[in-house]
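Note sheet for the following structure.
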Amino acid sequence: MENGAAQPVIVAIDGPSGTGKSSTSKAVAAQLGLSYLDTGAQYRAITWWMVSNGIDIDDPTAIAAVAGKPEIVSGTDPADPTITVDGTDVAGPIRTPEVTSKVSAVSAVPEVRARITELQRSLAASAERGIVVEGRDIGTTVLPDADLKIFLTASAEARAARRSGELKGADVQSTREALIKRDAADSSRKTSPLAKADDAVEVDTTELTLAQVIECVVTLVGEKRAVK
Ligand SMILES: Nc1ncnc2c1ncn2[C@@H]1O[C@H](COP(=O)(O)OP(=O)(O)OP(=O)(O)O)[C@@H](O)[C@H]1O
Ligand SMILES: Nc1ccn([C@H]2C[C@H](O)[C@@H](COP(=O)(O)O)O2)c(=O)n1
């Protein structure tokens with residue numbers, strides 16, 4: 001740019017559960033002065049609302065009928081990402097085992113995806129300096145014209161070990177099974193499944209530290225900016 005300011009950059013980071021999307025995206029955004037959006041938190045928030053309002057999670061028609069009701073607001077500062085539903089801070093409640101076990105069913109409903117995708121595109125469009133958006137379908141569906149697409153992977157063993165460490169010693173085997181089950185549901189749904197975009201850079205994080213993954217993504221963003 002003529003005035004020397006960096007051009008806005010849109011970065012899409014997708015991948016299965018526990019590959020390091022949130023940790024990496026937050027750190028990259030903070031380091032580069034970009035906004036940050038955790039799209040999983042939005043799907044968790046709408047799931048929390050469905051559960052709280054007694055909607056039958058096994059009934060896609062019932063979910064679709066009320067998908068437009070909750071007002072979901074995401075704060076995109078990587079130093080303090082926030083999520084509210086109808087004005088209530090739900091950052092804690094959306095991480096319960098109950099929400100985690102139900103989020104794949106709710107997020108498979110096309111009306112839910114349409115609603116949340118619209119919110120995501122609007123937040124990306126209004127991020128003045130650019131944004132790092134992480135999820136499952138960002139590079140394929142939400143932001144197909146993103147400047148950089150990354151697809152993070154890691155072995156199920158590494159992901160389970162990371163998650164059970166985070167959950168203060170939860171059983172690694174059952175954590176591994178739960179991750180695999182959720183990935184299978186997210187990858188096999190009809191609408192906008194978890195998938196690597198053809199033009200995404202795949203980064204296997206199994207043998208990498210978080211710092212190495214962050215450095216890798218920051219370098220890739222710098223390379224994209226250099227040719228923009
Ligand atoms: N490369 C890495 N090496 C070791 N631990 C890591 C690495 N990347 C992330 N972690 C740790 O793994 C856990 C899961 O990471 P994170 O929440 O970023 O993954 P995620 O892909 O966003 O998962 P989900 O999709 O389930 O939200 C966290 O405790 C994080 O600190
Ligand atoms: N772009 C996205 C992001 C998330 N989801 C769904 C599927 C996940 O299992 C769930 C929770 O995501 P997490 O907090 O684990 O990142 O949300 C999706 O369908 N599309």
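Start at 1 and go down the list; that is how both ligands and their atoms are numbered.
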### Query
At what distance, to the nearest 0.5 angstrom, does CG of Leu208 lie from CD1 of Ile214?
11.0 Å

### Query
Hydrophobic clusters join Ile, Leu, Val, Met, Phe, Trp and Tyr when side-chain heavy atoms are under 4.5 Å apart, directly or via other members; which others share one with Leu194?
Phe151

Distance dump, ligand 2 polar atoms to protein, N/O, under 3.5 Å:
residue	atom	partner	partner atom	Å
ligand 2	1 (N)	Thr39	OG1	3.1
ligand 2	1 (N)	Arg136	N	3.0
ligand 2	1 (N)	Asp137	OD1	2.8
ligand 2	9 (O)	Arg182	NH1	2.8
ligand 2	9 (O)	Asp186	OD2	2.7
ligand 2	14 (O)	Arg44	NE	2.7
ligand 2	15 (O)	Arg44	NH2	3.4
ligand 2	15 (O)	Arg136	NH2	3.2
ligand 2	15 (O)	Arg182	NH1	2.9
ligand 2	16 (O)	Arg136	NH1	3.0
ligand 2	19 (O)	Arg113	NH1	2.8
ligand 2	19 (O)	Arg113	NH2	3.3
ligand 2	19 (O)	Arg189	NH1	2.9
ligand 2	19 (O)	Arg189	NH2	3.1
ligand 2	20 (N)	Arg113	NH2	3.0

### Expected output: side-chain Thr19 to main-chain Ala154 donor-acceptor under 3.5 Å
no

### Message
For Ala108, is there any backbone N or O sitting under 3.5 Å from a side-chain donor or acceptor partner on Arg189?
### Response
no

### Residue that, paired with Ser192, satisfies side-chain hydrogen bond (donor to acceptor under 3.5 Å, both in side chains) out of Thr117, Thr141, Thr140
Thr141

### Task
Check whether the side chains of Arg44 and Thr100 place a donor and an acceptor atom closer than 3.5 Å, and report yes or no.
yes

### Query
Do NZ/NE/NH1/NH2 and the carboxylate oxygens of Lys224 and Asp147 come within less than 4.0 Å?
no

### Message
Between the side chains of Asp183 and Arg159, is the shortest nitrogen-to-carboxylate-oxygen separation below 4.0 Å, so that they form an ion pair?
### Response
yes

### Message
Considering only residues two or more places apart or on different chains, which pairs with a residue in residues 64-85 satisfy side chain to side chain donor-acceptor pair (under 3.5 Å)?
### Response
Gln42-Ser74

### Summary
Distance filter under 4.0 Å, heavy atoms only, around ligand 1 gives Pro16, Ser17, Gly18, Thr19, Gly20, Lys21, Ser22, Ser23, Arg136, Arg162, Arg163, Glu166, Arg182, Leu208, Thr209, Leu210, Val213

